[in-house]
Structure formats: structure tokens, C-alpha cells
Amino acid sequence: MDKNHLIFDFQSSTPCSAKVVEEMAPYWNQFWGNPSNKNNRSGFFASAAVEVSREKIASYLKINPKRLIFTSGATEANNLGLFGHARAKAKLIGKPGHIITVSTEHHAVLDPLRHLQKEGFRLSELRPNKDGLINIEQLSEAVEKDTFMISVMAANNEIGVLQPISQIGTFCRRKGIAFHTDAAQALGYLDLDPDRLFIDLMSLSAHKIYGPKGIGALVTREGFPLEPCQYGGSQELGLRSGTLPVPLIVGFAKAVEITKNDQDERNARLLFLRNLLLKGLKKNIAGLKVNGSIEQRLPHNLNITFPGVKGSELHGQLRRFVYCTSGSACSNGKASHVLQELGLLKKDAEASIRMSIGRNTTEEEIKKVIEIISNILIDLRG
């Protein structure tokens, strides 16, 4: 990254920790064996590294290691969980049923579910309240006789709101409905205990917690019906064929270990910096609006709208000084569907920014970005 820009985009991705890089190093060219090949020592070394890493991550989540299925990231985990369970369930009961989700989900959830509609499944997309949250009453009203799965993300990738997943999990278990959550943004910030929260399927990603890109996992419940989405081998209990990327799995486990050790302290520091940022921007910029609940929110997220300015001009100015986003990292610059689902007009959604604070962000950087954004708004408003 060039040193002329301030970085406030740590929800899109994070830099790979030096400790993670160091942990992965031997597995690129020293212990380079295929973990599926048990015919020689190189394969045994690789297999052992995978299983030790699986145990480390499973220990953090308080689950049996066999319930952790490695994938290429949260997107693949979402696809495996959603397609895999929907198709398995339809095979069990002889026909496709009904699924509930939230209209502000990441497209890694919305797109697979909308594809399932083409296969005959019915889908209800609940619109959240203005604070970005849903409640059990909304879910209860949406349930139909053949509702078999509900998918609600733990922490929204744009507005950072924390859905009441404990309540949702309890509701689903009581109703006999499978509960899937995309927890890519929540890992490292929330205590994710799938059994305590009654989560049947949970999607994770390493690169959101200073781990490598290209590795994630689907956490399953033991005995939970799933169909594989790709074939060609017996890896990962036959649910996800393909040679496992040993260095990335080792790096994932190290990233989880690091985040486990400093989670509470880091969250407190991030919350302090986030509140400092919001206070400074509110003081200098009239009419600023925070999108989503400020109380039920990730500690490092701030999503704000600047009414009365043109989005293209705002982002054009910001790009000269600050790395931040207008929405999801996968949106390709389109106006945020999340903000529009909260009721914002398209022009206001375009005049919004998501700022996310990183592990090494400093108070000095917070003060600088407040000054930069304040000056840009003064200029744009004339």
C-alpha cells in the first residue's frame, strides 16, 4: 500500500499477519506433500499439519474437529451449506421447500438462494427494520408449513450490524428449522460457539482476520444432511473434493490463534477508535447520518451518509487520500443494495461510505481522516 493514503477498508480484507506468513513458510517448499497421499512421509507431514490446524480452529469454536469442512473461503462455504442442505432436504422429503433469508445479506448468500428458486425452492427475503436488524416476530410471521432453512448473517459486511443470532438459533431449533449463518465478518469479534447458539451451518473466512486469502470453512452439525457441490475425491468427508491447500490451512489456524488471544482487548481498542472517529465527524459535518444500529454493531465498522452531496464527486475526492468503500467489496461500485433496503434513496446510498478500522490503526490516523473528510465535505457543499 502506498504511504500517501490512509487505510480504512479492513472489512474488505486484511493484510496477512507476519506471524501467519512465518507459520506458513515451511509448507510451501519444505513440507510440500499432498495430505491425501499416505504412501510417503511428505504426505503424512502434510496431513498432520492439516489435522493439527483443524483441531486449533475447532477448539476456538468449541466443536468436534470433524465438523469443520475446509473450503476456498466463505463464498464457497455459503454455497456448500445452502445448496448442499437444500438439495439433501429435497431428496429426503421428495420435493423442494421454503427458505427464509434477509434482503441485506451478502450476495454470496442471496445469489445461491435465488438460484435455488430456479430449482423449485421458494424464498422469502425479509426486509430489516431501519436499524438493519430483524426480530423473531418477523421470522415467525414468514415461516410456512414447509420452511426448512433460515439464513441470517451474524454481522453485516456493510453496516456492521449484529443480528440476534442466539435468538434466531433458539427459534429455529424450537421449530425444527435449519439455521445457517455467514459469519465471515463476525469471526474474531464475536464468541462463535455454534452449539450454544444453535447454529447448524456456519461459514468462515481467513482473510478477514489477518490470515491468507483462498481459505475458509463450513462448520456443520454432526449428522446434518448435506450434498456435495463438487465431486472428484473423498476429501473433507466426501463433501468437498480437491487437494487441500496445506499452507493456507496452517495460516488460517495461526490467524485464529492470534485473534483468540487478543479478541477482548482488541475489540475495546477498536470501539474506542470508532467512537473517536464518529464523534469527530459529527462535530465537523452537519447532517451526517449513521446507517444501521450503532449499539448492535461490530466495533470497527462505521457506515455513514452525507446527504446533499453527489456520490461520484465524494468518492472521487476520497480516492485521492483514503482507502474506504461505498459498499461491499464485491459490488463493483454499484449503489449499495443494503442501504437501499434500509430505505435510503439511491442518491443517498451513493453518497455513503463504509469505514473499517484495522488492528494497527492509530489515533493519529483517526484525527487525520476526520480532517480530510471534513475538508472534502466543506469543499463539496461550497
Side-chain angles (χ1 to χ4, degrees), residues 1-15 17 131-133 155-162 185-191 208-210 258-259 261-309 314-315 317-329 336 338-339 342 344 348 351-381:
M1 293 290 186
D2 76 79
K3 295 180 180 179
N4 296 321
H5 283 74
L6 295 172
I7 304 172
F8 282 85
D9 195 22
F10 292 94
Q11 278 183 270
S12 294
S13 191
T14 55
S17 163
D131 60 4
L133 301 172
N156 190 276
N157 58 298
E158 292 191 30
I159 55 176
V161 296
L162 305 175
Q185 296 285 349
L187 182 62
Y189 299 94
L190 301 183
D191 290 324
K208 306 294 187 182
I209 57 166
Y210 301 83
I258 293 169
T259 203
N261 290 337
D262 75 348
Q263 182 169 306
D264 293 340
E265 179 186 348
R266 176 170 37 83
N267 280 351
R269 181 175 174 275
L270 290 171
L271 182 60
F272 168 76
L273 292 175
R274 200 273 308 284
N275 290 343
L276 190 66
L277 173 61
L278 178 57
K279 183 179 179 181
L281 291 174
K282 275 187 168 181
K283 180 181 178 182
N284 294 351
I285 303 169
L288 175 153
K289 179 188 175 186
V290 177
N291 298 309
S293 169
I294 195 64
E295 293 84 16
Q296 299 299 316
R297 195 185 199 96
L298 288 168
H300 63 308
N301 168 280
L302 188 61
N303 191 301
I304 45 182
T305 298
F306 304 102
V309 302
L314 170 66
H315 290 284
Q317 292 269 30
L318 279 171
R319 274 193 289 271
R320 296 164 55 203
F321 308 104
V322 183
Y323 288 132
C324 60
T325 65
S326 57
S328 166
S336 165
V338 172
L339 296 184
L342 297 191
L344 271 71
D348 288 331
S352 303
I353 60 174
R354 180 190 69 180
M355 304 183 72
S356 40
I357 298 166
R359 183 187 289 273
N360 296 318
T361 302
T362 64
E363 283 190 53
E364 185 61 30
E365 288 175 316
I366 296 289
K367 292 173 183 176
K368 283 182 181 178
V369 82
I370 291 170
E371 182 181 2
I372 288 169
I373 295 175
S374 299
N375 288 337
I376 288 173
L377 265 293
I378 290 170
D379 180 55
L380 291 177
R381 288 175 171 174

**Request:** Start with the C-alpha distance between I373 and M355, add both sets of side-chain angles, then the distance that settles side-chain contact (heavy atoms from CB on, under 4.5 Å), and finish with yes or no.
**Result:** CA-CA 11 Å; I373 295 175; M355 304 183 72; 3.7 Å; yes

Considering non-hydrogen atoms only, spot the tightest contact between [X] and [Y] and give its length.
X    : Y    : value
L314 : S352 : CD2-N, 4.4 Å
L6   : V369 : CD1-N, 3.6 Å
V161 : G292 : CG1-CA, 3.8 Å
P307 : G287 : CD-O, 3.3 Å
G188 : T259 : CA-OG1, 3.5 Å
S17  : I258 : OG-CD1, 3.8 Å

**Request:** Would you sort out whether L288 and T305 count as a side-chain contact (heavy atoms from CB on, under 4.5 Å), showing the intermediate values?
**Result:** CA-CA 6 Å; L288 175 153; T305 298; over 6 Å; no

Straight-line distance of [X] [atom1] to [Y] [atom2], nearest 0.5 Å:
X    : Y    : atom1 : atom2 : result
N291 : L339 : CG    : CG    : 5.0 Å
L342 : L344 : CG    : CG    : 6.5 Å
I285 : I370 : CD1   : CD1   : 9.0 Å
I7   : I357 : CD1   : CD1   : 13.5 Å
T361 : H300 : OG1   : NE2   : 10.0 Å
L133 : E295 : CG    : CD    : 9.5 Å

Flag the pair [X] / [Y] as yes when at least one side-chain heavy-atom distance between them is below 4.5 Å, and no otherwise.
X    : Y    : result
P15  : F10  : yes
F321 : K368 : no
I353 : F306 : yes
I294 : R274 : yes
L377 : L281 : no
P299 : Y189 : yes
T14  : I209 : no
Q185 : N156 : no

**Message:** Test side-chain contact (heavy atoms from CB on, under 4.5 Å) on R297 and N303; report intermediate values, then the result.
**Reply:** CA-CA 10 Å; R297 195 185 199 96; N303 191 301; 3.6 Å; yes

**CA sep, side-chain torsions, deciding dist, call: I366, F272, side-chain contact (heavy atoms from CB on, under 4.5 Å)** = CA-CA 11 Å; I366 296 289; F272 168 76; over 6 Å; no

For the backbone of [Y] and the side chain of [X], can you confirm whether one donor and one acceptor N or O come within less than 3.5 Å of each other?
X    : Y    : answer
K208 : Q11  : yes
N375 : E371 : yes
H5   : R320 : yes

No-hydrogen, no-angle side-chain donor-acceptor test under 3.5 Å, [X] and [Y]:
X    : Y    : answer
R354 : S336 : no
R266 : Q263 : no
S374 : N284 : yes

**Prompt:** If you measure from the Lys or Arg side-chain nitrogens to the Asp or Glu carboxylate oxygens, is any gap between D262 and R359 under 4.0 Å?
**Reply:** yes

